[in-house]
**Q** 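Would you mind keeping the following structure in view while I ask a few things?
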Amino acid sequence: MPLAVYVLALGIFTQGTSEFMLSGLLPGMAEDLGVSIPDAGLLISAFAIGMVVGAPLLAVATLRWPRRTALVGLQAVFIAGHVVGALAPGYAALFVTRVVSALAYAGFWGVAVATAVALVPSAAQSKAVALVAGGLTMATIVGVPAGTVLSQSASWRAAFWAVAIATTVSLLCTAFAIPAGGSEGEAPRSVRAELRGMARPQLWLSYAITAFAFGAVIVTFSYLAPFLTEESGLGEGGVPAVLALFGAGGMIGLIIGGRTAQSHSVRTLAVGLGALAVISAALALTAHTTLVVVIGLTFLLGLAGYVTNPALQSRVFTLAPDAPTLVGATNTAAFNVGNTLAPMLGGLTIGAGYGYTSVAWVGAGLAAVGCVGALWAARLERTAAQIPRPRFEKVFQNS
């Protein structure tokens with residue numbers, strides 16, 4: 001695998017840490033900013049909104065840019081957003097910086113995945129996409145717990161400074177490792193051609209599955225820290241370790257999914273989402289019982305939540321191979337539709353007085369809907385495979 005693919009994964013790791021670290025920072029941020037935990041949770045949705053809007057728009061805006069230029073420029077904006085965020089005097093200013101940072105990160109995601117796909121042969125594209133996406137899983141294993149520890153020992157602002165510094169290192173690596181021009185033999189890119197390539201119903205069904213799949217896991221993960229401390233009785237000092245365990249489960253799921261996505265993508269989605277629905281429901285039912293069971297289910301939640309990720313990421317390139325930049329960017333937007341709406345739903349159920357266990361029930365419901373979508377996609381694929389093809393040989397023989 002080219003070094004550049006690993007550098008792209010590093011970029012996703014540093015920026016992805018910021019995307020998810022708020023799950024461990026919410027109690028401290030809420031207290032410091034003078035807002036409720038559900039209101040602080042909206043900062044997660046703010047980031048996701050920026051990614052939903054930014055992914056397709058920035059993919060179009062940077063389509064004709066050299067990819068290295070686009071990647072470096074977007075990371076620079078992300079760094080600036082975190083410096084301003086670390087200095088933000090209040091909730092409103094921080095909310096704006098989260099949206100701006102997300103816009104840049106969304107653009108980076110879309111360009112990074114398209115770059116990884118262009119740098120490797122077609123047979124290795126799923127592995128390259130899984131490796132880049134693995135940067136996000138490493139963020140949950142290493143970055144998020146580290147941010148939580150830093151927040152508890154210093155402040156949430158220190159975690160923002162750390163992300164800015166780490167992303168600066170990633171920017172420098174990107175500037176040296178990513179080829180200056182396009183990949184050899186790559187066709188010229190145009191918005192019109194990519195839009196034509198996206199006109200496929202199966203592709204949009206895949207986007208819907210992506211939104212439900214990611215929303216199903218992120219709604220529980222977003223409120224996992226207060227879920228563990230308020231509902232299950234875990235001490236605050238144990239939260240980083242459980243978050244890391246969730247991330248370890250996610251990494252194992254990503255490895256498994258990376259091996260099955262190439263040949264059994266839809267089956268991987270159906271099984272993974274079905275398991276995620278069951279595990280989320282079990283987590284809600286056992287929240288007030290044995291802590292060891294809750295911690296074990298948290299590990300399984302990460303595994304089931306991320307086993308679908310390689311299939312979700314790589315399948316869209318198979319469905320629309322002639323739209324590599326826009327199709328990946330739109331898939332990033334789909335991930336963040338789930339990342340936007342799911343925490344909002346979780347916040348609504350918490351605000352309605354149903355407690356933090358309600359978010360796991362929301363996750364179970366979203367996963368079940370996503371599973372139905374995957375089964376529908378499987379049926380469409382079987383139907384398409386059964387359509388008989390005309391035998392042109394007989395026509396030519398009789399002419």
**Q** side-chain contact (heavy atoms from CB on, under 4.5 Å) for Leu87 and Trp161? Distances and angles first, verdict last.
**A** CA-CA 9 Å; Leu87 300 171; Trp161 282 113; 3.8 Å; yes

**Q** Got Met251 and Tyr306 here, is their nearest side-chain heavy-atom distance under 4.5 Å?
**A**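 With C-beta onward as the side chain, the pair stays apart.
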
**Q** Can you confirm whether Leu33 sits close enough to Leu94 that some side-chain heavy atom of one is under 4.5 Å from a side-chain heavy atom of the other?
**A**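 The answer is yes; the side chains approach within 4.5 Å.
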
**Q** In this structure, which one of Thr168, Thr167, Thr174, Thr14 forms a side-chain hydrogen bond (donor to acceptor under 3.5 Å, both in side chains) with Gln75?
**A**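 The residue from Thr168, Thr167, Thr174, Thr14 that satisfies side-chain hydrogen bond (donor to acceptor under 3.5 Å, both in side chains) with Gln75 turns out to be Thr174.
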
**Q** Please round to the nearest 0.5 Å and tell me the distance separating atom CG of Leu42 and atom CD1 of Ile49.
**A**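 If I round to the nearest 0.5 Å, the distance is 8.5 Å.
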
**Q** Could you tell me whether Arg200 atom CZ has more than 12 heavy atoms of other residues or ligands within 6.0 Å of it?
**A**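 For Arg200, atom CZ is crowded (more than 12 foreign heavy atoms under 6.0 Å).
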
**Q** If you apply the rule side-chain contact (heavy atoms from CB on, under 4.5 Å), what do you find for Leu22 with Trp156, and how did you get there?
**A** CA-CA 9 Å; Leu22 263 64; Trp156 65 267; over 6 Å; no

**Q** Would you say Trp109 ends up clustered with Leu203 if hydrophobic residues are merged whenever their side chains have heavy atoms under 4.5 Å apart, either directly or through other cluster members?
**A**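 Yes, it is one cluster - the side chains of Leu203 and Trp109 are joined through contacts under 4.5 Å.
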
**Q** Between atom OG of Ser170 and atom CZ of Phe13, what is the distance when rounded to the nearest 0.5 Å?
**A**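 The CZ atom of Phe13 is 10.0 Å from OG of Ser170, to the nearest 0.5 Å.
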
**Q** Roughly how far, to the nearest 0.5 Å, is the OG atom of Ser101 from the CD atom of Gln15?
**A**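 Nearest 0.5 Å value for the CD-OG distance: 9.0 Å.
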
**Q** Backbone N or O of Tyr356 within a donor-acceptor pair of the Glu231 side chain at under 3.5 Å?
**A**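 Side chain of Glu231 to backbone of Tyr356, a donor-acceptor pair under 3.5 Å: yes, one is there.
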
**Q** Considering only heavy atoms from C-beta outward, does the side chain of Ser222 approach that of Val359 to under 4.5 Å?
**A**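 A side-chain contact under 4.5 Å is absent here.
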
**Q** Would you check if Arg157 and Asp32 make a side-chain contact, meaning some heavy-atom pair closer than 4.5 Å?
**A**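 The answer is yes; the side chains approach within 4.5 Å.
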
**Q** Are the side chains of Leu283 and Leu300 in touch, meaning some heavy atoms are under 4.5 Å apart?
**A**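 When only atoms from C-beta onward are counted, Leu300 and Leu283 do not touch, as no gap falls below 4.5 Å.
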
**Q** Indicate yes or no: at least one non-hydrogen side-chain atom of Leu243 is less than 4.5 angstrom from one of Phe221.
**A**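 Yes, side chains in contact.
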
**Q** Give, for atom CG of Leu8 and atom SG of Cys173, the distance between the pair rounded to the nearest 0.5 Å.
**A**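 Rounded to the nearest 0.5 Å, the CG-SG separation comes out at 11.0 Å.
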
**Q** Verify whether one side chain among Thr97 and His82 offers a donor that lies under 3.5 Å from an acceptor in the other.
**A**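 Result is no, nothing qualifies.
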
**Q** In terms of the angle between their ring planes, are Phe47 and Phe78 parallel, tilted or perpendicular, with boundaries placed at 30° and 60°?
**A**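 Correct class here is perpendicular.
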
**Q** Is there a path of hydrophobic side-chain contacts, each under 4.5 Å between heavy atoms of I/L/V/M/F/W/Y residues, joining Val72 to Leu10?
**A**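 Leu10 does not cluster with Val72.
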
**Q** Measure across Val142 and Pro145 and return the closest heavy-atom pair with its distance rounded to 0.1 Å.
**A**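 Looks like O-CD, 3.5 Å.
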
**Q** Where do Ala367 and Ala277 come nearest, in terms of heavy atoms and distance?
**A**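 For Ala367 and Ala277, the tightest heavy-atom pair comes out as CB-N, 3.6 Å.
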
**Q** Establish whether Leu71 and Leu131 are linked, either directly or via other cluster members, by ILVMFWY side-chain heavy-atom contacts under 4.5 Å.
**A**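 Hydrophobic grouping puts Leu71 with Leu131.
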
**Q** If two hydrophobic side chains count as joined below 4.5 Å and joins carry through other members, does Leu205 share a cluster with Val266?
**A**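 No; tracing contacts between hydrophobic side chains, which count when under 4.5 Å, never links both residues.
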
**Q** Report the distance from atom CG of Leu103 to atom CG of Leu57, rounding to the nearest 0.5 Å.
**A**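 Separation between the atoms: 8.0 Å.
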
**Q** How are the rings of Trp204 and Tyr207 set relative to one another: parallel (under 30°), tilted (30 to 60°) or perpendicular (over 60°)?
**A**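 Taking Tyr207 first and then Trp204, their aromatic rings stand perpendicular (interplane angle over 60°).
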
**Q** Check for a donor-acceptor pair, side chain of Ser151 on one end and backbone N or O of Thr148 on the other, with a separation under 3.5 Å.
**A**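 Such a contact is absent between Ser151 side chain and Thr148 backbone.
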
**Q** Applying side-chain hydrogen bond (donor to acceptor under 3.5 Å, both in side chains) to Ser18 and Arg98, what does each step give before you reach the verdict?
**A** CA-CA 9 Å; Ser18 177; Arg98 293 301 287 171; 2.8 Å; yes

**Q** Is the shortest side-chain heavy-atom distance between Thr330 and Met198 below 4.5 Å?
**A**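 Yes. Closest side-chain heavy atoms under 4.5 Å.
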
**Q** Within the distance-only criterion (no hydrogens, no angle test), does the side chain of Ser36 pair as donor or acceptor with the backbone N or O of Asp39 below 3.5 angstrom?
**A**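 Such a contact is found between Ser36 side chain and Asp39 backbone.
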
**Q** Which label fits Phe95 and Tyr91: parallel for a plane angle under 30°, tilted from 30 to 60°, or perpendicular past 60°?
**A**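 Tilted: the ring planes of Phe95 and Tyr91 meet at 30° to 60°.
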
**Q** Evaluate side-chain contact (heavy atoms from CB on, under 4.5 Å) for Arg267 paired with Thr260, printing each intermediate quantity in order.
**A** CA-CA 9 Å; Arg267 186 181 303 175; Thr260 61; over 6 Å; no

**Q** Just so I know, are the side chains of Val294 and His288 near enough to count as touching, which here means a heavy-atom distance under 4.5 Å?
**A**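 SC-SC contact between Val294 and His288 ruled out.
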
**Q** Would you name the heavy atoms of Gly257 and Pro310 that are closest together and state the gap between them?
**A**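 For Gly257 and Pro310, the tightest heavy-atom pair comes out as C-CG, 3.6 Å.
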
**Q** Starting from Leu43, can I reach Leu150 by hopping between I/L/V/M/F/W/Y residues whose side chains sit under 4.5 Å apart?
**A**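 Different clusters.
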
**Q** State the CG-CG distance between Leu269 and Leu312, to the nearest 0.5 angstrom.
**A**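 It is 5.0 Å, given to the nearest 0.5 Å.
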
**Q** With distance as the sole test, does Thr220 use its side chain to make a donor-acceptor pair with the main-chain N or O of Val217 at under 3.5 Å?
**A**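 Checking the backbone N and O of Val217 against the side chain of Thr220, no donor-acceptor pair under 3.5 Å is found.
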
**Q** Yes or no on side-chain contact (heavy atoms from CB on, under 4.5 Å) for Tyr354 and Leu348, after CA distance, side-chain angles and deciding distance?
**A** CA-CA 9 Å; Tyr354 293 105; Leu348 288 174; over 6 Å; no

**Q** Taking all non-hydrogen atoms of both residues into account, name the closest pair between Ala128 and Val5 and its distance.
**A**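 Ala128 and Val5 have their closest heavy atoms at O-CG1, 4.0 Å.
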
**Q** Write down the atom of Val120, the atom of Pro2, and the distance for their closest heavy-atom approach.
**A**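 Closest heavy-atom pair between Val120 and Pro2: CG1-CD, 3.8 Å.
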
**Q** Over 60° means perpendicular and under 30° means parallel, so classify the ring planes of Phe335 and Phe214, tilted if in between.
**A**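 The rings of Phe214 and Phe335 stand perpendicular, inter-plane angle above 60°.
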
**Q** Where is the tightest heavy-atom contact between Ser206 and Val316, given as atom of each residue plus distance?
**A**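 Where Ser206 meets Val316 most closely, the heavy atoms are OG-CG1, 3.7 Å.
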
